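Reading through the structure tokens given below for one structure.
Keep in mind that the numbers below use all heavy atoms, side chains included, and drop hydrogens, waters and symmetry copies. Please read these numbers as outputs of a predicted model, since none were measured by experiment.
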Amino acid sequence: MITWVDVVNCEPQASAVPLATQTQILAHAPIELVAESWVGKIDIAHTYYAAHRALLYLQGVSGASGQVESEKVGDVSRTYAITQNTSGDGWSETKWGRELLRLREGCLNCRLPLL
């Protein structure tokens, strides 16, 4: 079982998520990602899921319509590669959603269709 500290260690921006939302995200993780499917990767899958949801929450709160493309502070600037969400599922909207999809590729039970 992960804690919000695990999520913040993965994604420091998650520290800005209110406690009630943190609790909700942590409660949904085991519902969305069933442990039996992820075998030994469940804790990292839950962490990526929670970090993904935290970033989505923060994007909504800030009024942002998507990911930050570039930022500049003083003389320092950086630019991010932005991927478009063409799948409609939202996983490609954050780096942690994309990491969760990558992790899922190495887990056969996560990719099998439900019968």
Side-chain angles (χ1 to χ4, degrees):
M1 180 61 100
I2 66 165
T3 66
W4 200 255
V5 171
D6 299 317
V7 179
V8 171
N9 287 338
C10 177
E11 176 53 60
Q13 291 182 58
S15 64
V17 174
L19 180 59
T21 304
Q22 293 174 17
T23 304
Q24 178 190 27
I25 291 171
L26 289 174
H28 285 174
I31 296 168
E32 296 286 333
L33 306 173
V34 180
E36 291 78 18
S37 297
W38 291 86
V39 191
K41 299 178 182 180
I42 192 60
D43 284 345
I44 193 70
H46 283 165
T47 302
Y48 288 174
Y49 170 85
H52 167 73
R53 292 280 310 273
L55 288 178
L56 289 179
Y57 173 85
L58 292 171
Q59 287 175 4
V61 168
S62 67
S65 59
Q67 293 180 324
V68 175
E69 186 173 310
S70 65
E71 61 184 357
K72 182 175 181 171
V73 177
D75 294 328
V76 178
S77 66
R78 59 184 172 179
T79 304
Y80 303 96
I82 304 299
T83 58
Q84 294 294 330
N85 178 12
T86 56
S87 63
D89 61 14
W91 293 113
S92 63
E93 292 289 315
T94 72
K95 61 186 174 187
W96 299 115
R98 291 186 300 275
E99 276 300 300
L100 187 61
L101 292 175
R102 184 195 60 76
L103 185 66
R104 184 182 71 176
E105 287 302 311
C107 187
L108 178 62
N109 290 341
C110 296
R111 294 182 285 130
L112 292 175
L114 297 176
L115 301 176

Any His52 side-chain heavy atom under 4.5 Å of Leu100 side chain = no
Residue pair Leu101 / Glu105, side-chain heavy-atom distance below 4.5 Å | no
OG-CG distance between Ser15 and Leu58, expressed to the nearest 0.5 angstrom | 8.5 Å
First locate atom SG of Cys107, then atom CZ of Arg102, and finally report the distance between them rounded to the nearest 0.5 Å.
-> 12.0 Å
Taking only residues two or more places apart in sequence, or in another chain, which ones meet Gln22 in a side-chain hydrogen bond (donor to acceptor under 3.5 Å, both in side chains)?
-> none
Here the salt bridge (Lys or Arg N to Asp or Glu O under 4.0 Å) pairs for residues 28-38, sequence neighbours left out, are none
Would you mind listing every salt bridge (Lys or Arg N to Asp or Glu O under 4.0 Å) that reaches into residues 5-27, with sequence neighbours excluded?
-> Glu11-Lys95
Heavy atoms only: give me the nearest Pro30-Ala27 pair and the separation to one decimal.
-> CD-O, 3.4 Å
Compare every heavy atom of Val7 with every heavy atom of Ala50, then report the nearest pair and how far apart it is.
-> CB-CG2, 3.5 Å
So Arg98 and Trp91, side-chain contact (heavy atoms from CB on, under 4.5 Å) or not? Walk me through it.
-> CA-CA 6 Å; Arg98 291 186 300 275; Trp91 293 113; over 6 Å; no
Residues which pass side chain to side chain contact (heavy atoms under 4.5 Å, CB included) with Pro18, listed by chain and number, not counting sequence neighbours = Thr21, Tyr57
Side chain to side chain contact (heavy atoms under 4.5 Å, CB included) with Val73: which residues, sequence neighbours excluded?
-> none
Sequence neighbours excluded - ring-ring contact (aromatic ring centres under 6.0 Å, His included) pairs with any residue from residues 4-40 | none
Throw together a table of side-chain donor-acceptor distances under 3.5 angstrom for residues 42-49, partners on residues two or more places apart or in other chains.
{"unit_1": "His46", "atom_1": "NE2", "unit_2": "Ala29", "atom_2": "O", "d": "3.4"}
{"unit_1": "His46", "atom_1": "NE2", "unit_2": "Leu33", "atom_2": "O", "d": "3.2"}
{"unit_1": "Thr47", "atom_1": "OG1", "unit_2": "Asp43", "atom_2": "O", "d": "2.8"}
{"unit_1": "Tyr49", "atom_1": "OH", "unit_2": "Arg53", "atom_2": "NH1", "d": "2.6"}

